[in-house]
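Step one of this worksheet: look at the structure below.
Here is how names work: the chains are called A, B, and so on, in the same order as the sequence lines, proteins then strands, and each is numbered from 1.
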2 protein chains.
Amino acid sequence: MKTVNAATYGSCIHAVGQLTPSQGRLQNLDLVAKSVEVLGRCNHMDFPFKMGMKHKMEYTRQYLHLRPKTNMFGCFLRLRNSLAQAIHNVLQTDGYVQVHTPILTSNDCEGAGEVFKVEPAETKVMQNLEEAGGKGKSKDHFFGVPTFLTVSGQLHLEAVTGSICKAYTFGPTFRAENSRSRHHLSEFYMLEAELAFADDLEDLMKVMECLIQKSISYILENNQDDLYWYWKFVSHSDCETIVKKMILKSFVRMTYTEAWGEDLQKEHERYLVRHCDGLPVFVTDFPTDIKPFYMKVNSNKRTVTVDLLLPEVGEVCGGSLRESNLDILEQKLESLGMSESLSWYLDLRRFGTCPHGGFGLGFERLLQVMLGIENIRDAIPFPRFVNSCKL
Amino acid sequence: MKTVNAATYGSCIHAVGQLTPSQGRLQNLDLVAKSVEVLGRCNHMDFPFKMGMKHKMEYTRQYLHLRPKTNMFGCFLRLRNSLAQAIHNVLQTDGYVQVHTPILTSNDCEGAGEVFKVEPAETKVMQNLEEAGGKGKSKDHFFGVPTFLTVSGQLHLEAVTGSICKAYTFGPTFRAENSRSRHHLSEFYMLEAELAFADDLEDLMKVMECLIQKSISYILENNQDDLYWYWKFVSHSDCETIVKKMILKSFVRMTYTEAWGEDLQKEHERYLVRHCDGLPVFVTDFPTDIKPFYMKVNSNKRTVTVDLLLPEVGEVCGGSLRESNLDILEQKLESLGMSESLSWYLDLRRFGTCPHGGFGLGFERLLQVMLGIENIRDAIPFPRFVNSCKL
């Protein structure tokens with residue numbers, strides 16, 4: 001056998017040889033090598049991952065740039081890719097059109113306040129603008145107006161459903177939340193879908209239920225090796241049972257009043273799901289005071305909304321019918337002082353609107369359920385949160 | 001026939017009736033309605049689009065929120081969706097794994113300077129941080145360090161190719177360029193792919209050529225109606241011929257020296273493509289002084305790079321082999337004063353690297369070629385550029 005350089009643990013090699021049935025118990029095949037060439041040596045003394053050791057999630061997370069090299073995270077990356085593809089497949093097959101809603105926006109969708117603002121890094125850019133300008137509005141802002149990172153693509157999607165009946169957006173969204181909890185990220189992926197002519201919450205619940213069940217089934221069919229490996233060596237022990245149950249039965253449906261009676265907290269959500277035999281639970285008809293302006297309100301003064309709670313992580317989806325009545329929406333926006341900045345949104349009701357609704361799904365949370373991942377920072381390749389934006 | 005309210009142009013209606021062969025020439029079918037209900041009336045006097053009129057691109061662009069209602073833009077949205085799906089399909093079928101590289105980053109990849117910085121919009125968030133803090137570093141920045149919007153996911157992809165041999169990212173990227181040209185946006189979509197074990201530019205050129213040809217073929221097969229409609233009523237007259245030519249022959253390959261001899265400009269690019277009988281042209285081996293640090297340099301002091309020029313729009317892709325030699329890369333980064341901030345990037349060469357390379361493809365530019373769209377602002381649903389961030 002010809003070798004150039006000694007191959008250390010973690011090295012990248014080019015081996016040529018014959019695959020033969022293995023004599024050992026840990027694998028099916030051995031490569032009997034004729035030549036081994038070291039393409040990239042690994043300084044294994046400094047390399048943070050050690051041969052034969054199972055490193056803790058918290059430990060590997062310290063090395064975001066090398067984490068993909070662990071078999072745990074390589075496996076995760078393939079599964080995350082497949083779940084994203086599954087979501088696209090299910091929606092595209094059902095006639096949905098993906099629309100790239102913008103990351104940069106001059107709206108502050110939910111009026112939540114916890115948004116990021118965006119400006120050029122170099123003051124030079126702004127100085128050039130000022131000199132070239134004259135219109136004046138460019139003086140303070142690159143875009144002429146204060147600009148933020150999106151917290152939701154919903155309003156933009158609503159503009160699109162004026163002609164595309166089923167639309168979705170699937171990309172990163174942002175929150176400037178000062179939270180170091182294992183449930184929150186500053187940059188996370190959200191699937192948002194919007195349906196023209198939806199006039200019943202059941203329309204939305206069917207889409208959510210079908211999307212989640214079909215996506216899980218897709219992974220079970222297409223990524224067996226990776227999924228079972230991850231369940232066996234990484235997930236908590238109940239994960240397989242929990243996930244398989246989710247595709248066997250319909251999700252539970254109940255109103256907010258039936259479910260609880262005050263604002264649901266994270267710990268209540270998980271209790272509720274356990275109470276429902278571990279099945280996913282739709283909770284509908286939330287009180288008006290805890291939901292945003294664009295949601296339709298029914299005759300009982302309840303919003304026509306639905307949250308979907310999944311085992312272990314709680315809320316994964318939130319949806320609602322949208323207020324399509326121009327007068328009611330105008331009144332609401334006026335009382336919030338937003339009727340001018342959102343006059344374009346009122347236009348959507350002015351020029352040929354229809355009943356419609358939609359929902360958002362937290363992609364990392366769904367991954368957490370499917371793979372039994374405790375900390376959301378291990379459900380995304382490059383987690384961002386307060387005081388941490390590595391790489 | 002029962003009607004509730006009069007339906008004006010632009011109204012949304014619910015019609016029930018029988019589809020019958022049309023007596024007219026402009027369509028194949030008529031709906032003979034038994035009932036028509038107006039779901040959303042349109043104030044057609046104020047509605048910016050008028051019945052029977054073909055509005056100019058520049059005009060419809062003023063109404064981003066209503067533009068999807070024009071048949072021109074509805075058609076475009078479906079085609080944009082299909083081209084994105086085609087790209088996913090081609091790459092996934094070829095074994096590529098999509099990785100969500102971050103939008104927020106503490107790197108300034110190309111050292112270009114024209115980047116956006118990100119901070120919380122409310123000073124309250126930073127005050128709370130300061131009070132809670134103690135570590136000090138959170139005082140000035142939410143993430144503890146200056147944070148920017150990504151200009152490229154390449155460096156993050158390189159970290160992933162340490163284990164996933166073929167990876168890609170497909171999402172928005174950002175430039176704080178003070179340009180109002182019809183070729184530039186501040187937020188645009190880029191497909192970036194990275195291949196482990198690529199040691200020849202031909203490896204990259206094959207992927208680009210195959211990706212573009214297969215994607216176009218996919219649209220020709222799956223979106224005939226929309227594509228031919230758009231070509232007939234919206235595109236410039238040569239578009240169909242130009243696009244069909246691109247899938248018939250191999251792309252031209254030539255070196256930078258053969259092609260020109262000084263830095264190629266937009267107008268040179270288009271001239272070169274015309275000179276090559278309208279075929280796409282790969283230009284390789286650029287001088288070192290006009291390309292960034294991570295590119296491999298060959299023995300002739302030329303970078304191992306390739307740009308792909310397409311008809312009408314010029315550069316659509318740029319790629320290179322990456323410098324995988326630790327010592328050379330370390331020297332380069334030191335001379336640029338970046339060896340500390342990019343020490344993680346050096347680690348990728350320290351711990352089991354391999355020869356690798358990749359490329360980026362401007363998604364809107366490819367759409368411009370395919371659909372003969374003159375202004376890039378009409379190739380994206382919600383265009384962002386200096387002094388404009390509507391909605």
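Side chains of Glu119(A) and Phe116(B) form no contact here, defined as non-hydrogen atoms less than 4.5 Å apart. Residues Leu39(B) and Phe197(A) are in side-chain contact: their nearest non-hydrogen atoms beyond the backbone lie under 4.5 Å apart. With contacts defined as side-chain heavy-atom distances shorter than 4.5 Å, the pair His100(A)/Ile380(B) does not qualify. Proximity of His65(A) to Leu348(B): side-chain heavy atoms (C-beta onward) are separated by under 4.5 Å at one or more points.
Within the 3.5 Å criterion, the main-chain N or O of Gln98(B) finds a donor-acceptor partner in the side chain of Asn81(A). Between the side chain of Arg384(B) and the main chain of Leu104(A), a donor-acceptor pair closer than 3.5 Å is present. A donor-acceptor pair is defined here as one N or O able to donate and one able to accept, closer than 3.5 Å; such a pair exists between the side chain of Ser106(B) and the backbone of Cys389(A). Side-chain atoms of Lys69(A) do not come within 3.5 Å of backbone N or O of Ala159(B) as any donor-acceptor pair. Under a 3.5 Å cut-off, the side chain of Glu122(B) and the backbone N or O of Glu114(A) do not form any donor-acceptor pair.
Contact annotation for residues 160-170 of chain B against chain A (heavy-atom separation below 4.5 Å, listed by residue number): Val160(B), Gly162(B), Ser163(B), Ile164(B), Tyr168(B).
Annotation: the span from Phe142(A) atom CZ to Asn387(B) atom CG amounts to 8.0 Å, rounded to 0.5 Å. Put simply, CD on Glu187(B) and CZ on Phe143(A) are 8.0 Å apart, with the number rounded to the nearest 0.5 Å. Remark: Arg349(A) CZ to Asn43(B) CG distance equals 16.0 Å, nearest 0.5 Å. Note that SG of Cys42(B) is 11.0 Å distant from CZ of Arg350(A), once rounded to the nearest 0.5 Å. A distance of 8.5 Å separates CG of Asn89(B) from CD of Gln92(A), quoted to the nearest 0.5 Å.
The contact between Thr147(B) and chain A is made entirely by side chain atoms (from C-beta outward), counting heavy-atom distances below 4.5 Å. Heavy atoms of Pro381(B) lying under 4.5 Å from chain A belong exclusively to its side chain. Looking at Val99(B), only its side chain comes within 4.5 Å of chain A, counting heavy atoms on both sides. For Pro172(B), the part lying near chain A is the side chain, with the backbone staying farther off; criterion is any non-hydrogen pair under 4.5 Å.
Of the listed residues (Glu177(A), Lys390(A), His44(A)), the one with the most heavy-atom contacts under 4.5 Å to chain B is Glu177(A).
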I would like to know whether Lys117(A) and Val118(B) meet side-chain contact (heavy atoms from CB on, under 4.5 Å); could you show each step before the answer?
-> CA-CA 6 Å; Lys117(A) 65 179 178 190; Val118(B) 174; over 6 Å; no
Quick one: do Trp344(A) and Leu66(B) satisfy side-chain contact (heavy atoms from CB on, under 4.5 Å)? Show the steps, please.
-> CA-CA 9 Å; Trp344(A) 70 267; Leu66(B) 300 172; over 6 Å; no
Decide side-chain contact (heavy atoms from CB on, under 4.5 Å) for Leu149(A) and Leu149(B); before the verdict, give the C-alpha distance in whole Å, the side-chain angles of both, and the deciding distance to 0.1 Å.
-> CA-CA 10 Å; Leu149(A) 295 183; Leu149(B) 296 183; 3.8 Å; yes
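When all heavy atoms of Cys12(B) and Gly352(A) are compared, the pair lying nearest together is CB-O, 3.6 Å.
Contacts of Tyr218(B) classified as ring pair (Phe, Tyr, Trp, His ring centres under 6.0 Å), with partners at least two apart in sequence or in another chain: none.
Side-chain rings of Tyr63(A) and Phe351(B) stay apart, their centers remaining 6.0 Å or farther from each other.
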